[in-house]
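Accompanying notes for the structure given below.
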Amino acid sequence: QVQLAESGGGSVQAGGSLRLSCAASEMSIARCMGWFRRAPEKEREAVASIHTGGGTADYVDSVIGRFTISRDNAKNTLYLQMDSLKPEDTAMYYCASTQFRSWWAPCLLRVDAYNYWGQGTQVTVSS
């Protein structure tokens, strides 16, 4: 079991930046971690994923070049740096984690691939 707690959301104008943080109860076990979002009246979608052991991060096409996922295993914290924010980025953002996942296994950008979820943090981007 992994407990996750997001923070860092808020309201910004288009073009602005925010950095989300996700405090995890532990990140010592090899697993995938990701950021997801759910906009009003839309389904939850993947934003970015990364393995706790390192390797290449993956992003949904709409955020490539604007968002950066990173992790600090020593602090048990996952981050999402969001730059050049757009109104369509407005959503509740969630941190998620899988159970054990070997470093060579891909970290899928799929909601059903993740087992543990935080409560979310709201991001609102105004035009």
Side-chain angles (χ1 to χ4, degrees):
Q1 189 81 10
V2 178
Q3 283 76 49
L4 303 167
E6 304 92 337
S7 62
S11 297
V12 296
Q13 290 190 328
S17 298
L18 282 174
R19 188 174 83 155
L20 305 183
S21 298
C22 172
S25 57
E26 68 84 25
M27 287 173 61
S28 60
I29 295 176
R31 60 175 85 245
C32 291
M33 299 193 72
W35 286 99
F36 296 75
R37 64 187 180 186
R38 182 170 183 173
E41 302 182 358
K42 292 187 177 180
E43 294 186 354
R44 192 174 300 193
E45 66 170 351
V47 175
S49 66
I50 194 169
H51 196 277
T52 56
T56 304
D58 286 321
Y59 299 89
V60 67
D61 288 348
S62 60
V63 307
I64 291 174
R66 301 189 299 122
F67 291 11
T68 303
I69 188 172
S70 62
R71 85 255 185 275
D72 185 333
N73 290 12
K75 296 182 178 179
N76 288 341
T77 304
L78 181 74
Y79 301 99
L80 184 68
Q81 177 67 41
M82 305 186 295
D83 299 317
S84 302
L85 282 161
K86 303 176 180 180
E88 51 263 43
D89 294 318
T90 294
M92 184 72 78
Y93 283 71
Y94 300 90
C95 172
S97 173
T98 65
Q99 295 175 333
F100 171 81
R101 190 71 54 84
S102 299
W103 66 268
W104 47 262
C107 290
L108 301 176
L109 290 172
R110 283 173 44 182
V111 171
D112 61 359
Y114 291 75
N115 308 100
Y116 308 109
W117 295 83
Q119 295 299 308
T121 185
Q122 178 68 37
V123 172
T124 302
V125 185
S126 59
S127 58

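Cluster annotation: Met82 and Ile64 are assigned to the same hydrophobic cluster (Ile/Leu/Val/Met/Phe/Trp/Tyr, side-chain heavy-atom contacts under 4.5 Å, transitive). Note: the hydrophobic cluster containing Met33 also contains Tyr116 (ILVMFWY, side chain heavy atoms under 4.5 Å, direct or indirect links).
Contact record, Arg101 with Pro106: NH1-O, 3.8 Å, taken as the closest heavy-atom pair. Contact record, Val2 with Ala24: CG1-CB, 4.4 Å, taken as the closest heavy-atom pair. Between Asp83 and Ser17, the shortest heavy-atom distance links the atoms OD1-OG, 2.7 Å. Scanning all heavy atoms of the two residues, the minimum distance from Leu18 to Val123 falls at CD1-CG1, 3.9 Å. Leu20 approaches Trp35 most closely through the heavy-atom pair CB-CH2, 3.6 Å. Shown here for Cys107 and Ser49, the closest heavy-atom pair between the two residues is O-OG, 2.9 Å.
With salt bridges taken as basic N to acidic carboxylate O contacts below 4.0 Å, one links Glu26 and Arg31.
Taken from SG in Cys32 to CZ in Phe100, the straight-line distance is 10.0 Å, to the nearest 0.5 Å. Atom CD of residue Gln13 and atom OG of residue Ser127 lie 9.0 Å apart, to the nearest 0.5 angstrom. Here the CD-OG distance, from Gln1 to Ser97, works out to 10.0 Å after rounding to the nearest 0.5 Å. One finds the OH atom of Tyr79 at 12.0 Å from the CD1 atom of Ile50 (value rounded to the nearest 0.5 Å).
Leu78 pairs with exactly one of Asp72, Ile69, Asn73 by the side chain to side chain contact (heavy atoms under 4.5 Å, CB included) rule, that one being Ile69. Partner Met92 forms a side chain to side chain contact (heavy atoms under 4.5 Å, CB included) with one of Gln122, Arg44, Gln119 and no other, that one being Gln122.
For residues 51-66, the pairs satisfying side-chain hydrogen bond (donor to acceptor under 3.5 Å, both in side chains) are Arg37-Ser62, Arg66-Asp89, with sequence neighbours left out.
In this structure a side-chain-to-backbone donor-acceptor pair under 3.5 Å is missing from Tyr94 to Gly34. The main-chain N or O of Gly120 is found under 3.5 Å from a side-chain atom of Glu6 such that the two form a donor-acceptor pair. One N or O on the side chain of Asn76 and one on the backbone of Met27 form a donor-acceptor pair closer than 3.5 Å. Not one N or O on the side chain of Thr124 forms a donor-acceptor pair closer than 3.5 Å with the backbone of Thr90.
For Phe36 and Trp117, the ring centers sit closer than 6.0 Å to each other.
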